[in-house]
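Worksheet: one structure, shown below.
These values consider heavy atoms only, across backbone and side chains, with no hydrogens, waters or symmetry-generated copies. Remember, it's a predicted structure, so these values are computed and weren't measured experimentally.
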Amino acid sequence: QVQLVESGGGSVQAGGSLRLSCVVYGYTSMMQCMAWFRQAPGKEREGVATIYYGGTSTYYADSVKGRFTIFQDNAKNTLYLQMNSLKPEDTAMYYCAAEYRYCRGGSLTTDDFRFWGRGTQVTVSS
């Protein structure tokens, strides 16, 4: 059974940095795609960044381009999200998502992923 466990969230001031981690349990082969989503109170869950098949390509939401980097360590079965120049509007619960079957290109939605972590909270103060 595939399980995703996130960590690394916390509270930082605007301009600061955080690195989120997501460890994959129960599946040792490479996922077709993995992603980070976030959900702020009262808002829908939105995609932040996606990585395809071991890093062959990546996709970022416009709101985080140039500030966030998604990458993975296949030896550790871990996905990361490096977040720099954080803004108060980045405040949200961040979720890791994964899929080992087919992944289409472009901007993926929650419907594209079957496996989800429970989330880690990121709070950015001004």
Side-chain angles (χ1 to χ4, degrees):
Q1 182 177 359
V2 177
Q3 291 187 330
L4 309 178
V5 180
E6 304 100 332
S7 62
S11 296
V12 296
Q13 290 190 329
S17 298
L18 283 174
R19 177 178 290 186
L20 306 183
S21 300
C22 170
V23 181
V24 180
Y25 296 98
Y27 190 79
T28 55
S29 297
M30 195 174 299
M31 293 287 182
Q32 286 296 316
C33 58
M34 296 190 70
W36 289 96
F37 284 74
R38 66 186 180 187
Q39 187 167 20
K43 294 187 176 181
E44 292 188 354
R45 193 170 298 190
E46 63 173 358
V48 175
T50 302
I51 189 165
Y52 293 86
Y53 200 68
T56 52
S57 63
T58 56
Y59 174 87
Y60 295 93
D62 289 342
S63 58
V64 306
K65 278 181 183 176
R67 300 188 298 122
F68 290 10
T69 303
I70 187 171
F71 62 101
Q72 60 191 133
D73 185 334
N74 294 323
K76 295 182 179 180
N77 235 19
T78 302
L79 176 73
Y80 300 95
L81 183 69
Q82 178 66 42
M83 305 186 295
N84 298 328
S85 302
L86 283 161
K87 304 175 181 180
E89 51 263 45
D90 294 319
T91 295
M93 184 72 79
Y94 282 71
Y95 298 90
C96 173
E99 179 55 59
Y100 59 71
R101 292 180 179 173
Y102 170 74
C103 292
R104 61 185 177 87
S107 177
L108 302 183
T109 70
T110 56
D111 290 340
D112 291 299
F113 296 92
R114 290 182 295 145
F115 305 107
W116 291 85
R118 293 189 175 185
T120 185
Q121 178 67 38
V122 171
T123 303
V124 184
S125 58
S126 57

Practice item. Among Ile, Leu, Val, Met, Phe, Trp and Tyr joined by side-chain contacts under 4.5 Å, find the other residues sharing a cluster with Tyr53 and list them by chain and number. Key: Met30
Exercise for review: Kindly indicate whether the side chain of Val2, heavy atoms from C-beta on, has any atom under 4.5 Å from the side chain of Tyr25.
Suggested key: no
**Study point:** Audit row: Trp116, Gln3, side chain to side chain contact (heavy atoms under 4.5 Å, CB included) steps and yes/no
**Key:** CA-CA 7 Å; Trp116 291 85; Gln3 291 187 330; over 6 Å; no
Check your understanding: Checking Thr58 side chain against Thr50 main chain: does a donor-acceptor pair fall under 3.5 Å?
Key -> no
**Study point:** Counterpart residues, side-chain contact (heavy atoms from CB on, under 4.5 Å), relative to Lys65 (two or more places apart)
**Key:** Tyr60, Asp62
Check your understanding: Side-chain contact, heavy-atom cut-off 4.5 Å: Trp36 with Ile51?
Key -> no
Practice item. Look up atom CD in Gln39 and atom CE in Met93, then write down how far apart they are to the nearest 0.5 Å. Key: 9.0 Å
Review point. Ala40 and Ala92: which non-hydrogen atoms are nearest, and at how many Å?
Key: N-CB, 3.9 Å
**Study point:** Expected output: side-chain Glu6 to main-chain Gly119 donor-acceptor under 3.5 Å
**Key:** yes
Check your understanding: According to the disulfide (SG to SG under 2.5 Å) rule, which pairs have a member within residues 44-89, sequence neighbours left out?
Key -> none
Revision key, fill the gap. Sequence neighbours excluded, the answer for ring-ring contact (aromatic ring centres under 6.0 Å, His included) partners of Tyr95 is none
Practice item. Report the residues that fulfil side chain to side chain donor-acceptor pair (under 3.5 Å) with Gln72, sequence neighbours left out, ordered by chain and then residue number. Key: Asn74
**Study point:** Residues that Phe113 engages under ring-ring contact (aromatic ring centres under 6.0 Å, His included), provided they are two or more places apart
**Key:** Phe37
**Study point:** Nearest-0.5 Å distance, OH of residue Tyr94 to CE of residue Met83
**Key:** 5.5 Å
Exercise for review: Could you pull out all residues at least two apart from Thr28 that satisfy side-chain contact (heavy atoms from CB on, under 4.5 Å)?
Suggested key: none
Check your understanding: Partners of Arg67 by salt bridge (Lys or Arg N to Asp or Glu O under 4.0 Å), sequence neighbours excluded?
Key -> Asp90
Point to revise | Sub-4.5 Å side-chain heavy-atom contact between Val24 and Met34 | key: yes
Revision key, fill the gap. By side-chain contact (heavy atoms from CB on, under 4.5 Å), Asp112 pairs with (sequence neighbours left out) Arg104, Leu108, Thr109
**Study point:** Nearest-0.5 Å distance, CD of residue Gln82 to CZ of residue Phe68
**Key:** 9.5 Å
Exercise for review: Indicate the atoms forming the closest heavy-atom contact of Pro88 with Ser126, along with that distance.
Suggested key: CG-CB, 3.9 Å
**Study point:** Residue pair Leu4 / Val23, side-chain heavy-atom distance below 4.5 Å
**Key:** no
Point to revise | Closest non-hydrogen atom pair, Ala61 against Gly47 | key: CB-O, 3.5 Å
Review point. So, does Thr120 use its side chain to make a donor-acceptor pair with the main chain of Gly9 at under 3.5 Å?
Key: yes
Review point. Going by heavy atoms in the side chains, are Gln32 and Tyr52 under 4.5 Å from each other?
Key: no
Exercise for review: Following the transitive rule for hydrophobic clusters with a side-chain heavy-atom cut-off under 4.5 Å over Ile, Leu, Val, Met, Phe, Trp and Tyr, establish whether Tyr59 and Ile70 coincide in one cluster.
Suggested key: no
Review point. Does Ser17 offer a backbone N or O that forms a donor-acceptor pair with the side chain of Asn84 under 3.5 Å?
Key: no
For residues 96-103, dump all side-chain donor-acceptor pairs below 3.5 Å to protein atoms at least two apart in sequence or in another chain.
| from | atom 1 | to | atom 2 | distance (Å) |
| --- | --- | --- | --- | --- |
| Glu99 | OE1 | Arg114 | N | 3.2 |
| Glu99 | OE1 | Arg114 | NE | 2.9 |
| Glu99 | OE2 | Arg101 | N | 2.9 |
| Glu99 | OE2 | Arg114 | NE | 3.1 |
| Glu99 | OE2 | Arg114 | NH2 | 2.8 |

Review point. What pair of heavy atoms forms the shortest contact from Val124 to Thr91, and how long is it?
Key: N-OG1, 2.9 Å
Exercise for review: Name all residues meeting the salt bridge (Lys or Arg N to Asp or Glu O under 4.0 Å) criterion together with Glu46; count only those two or more places apart in sequence or in a different chain, and write none if there are none.
Suggested key: Arg38
Practice item. Check the pair Leu81 / Leu79 against side chain to side chain contact (heavy atoms under 4.5 Å, CB included), numbers first and verdict last. Key: CA-CA 7 Å; Leu81 183 69; Leu79 176 73; over 6 Å; no
Check your understanding: Residues two or more places apart in sequence or in another chain: which of them pass side-chain contact (heavy atoms from CB on, under 4.5 Å) with Ser21?
Key -> Ser7, Thr78, Tyr80
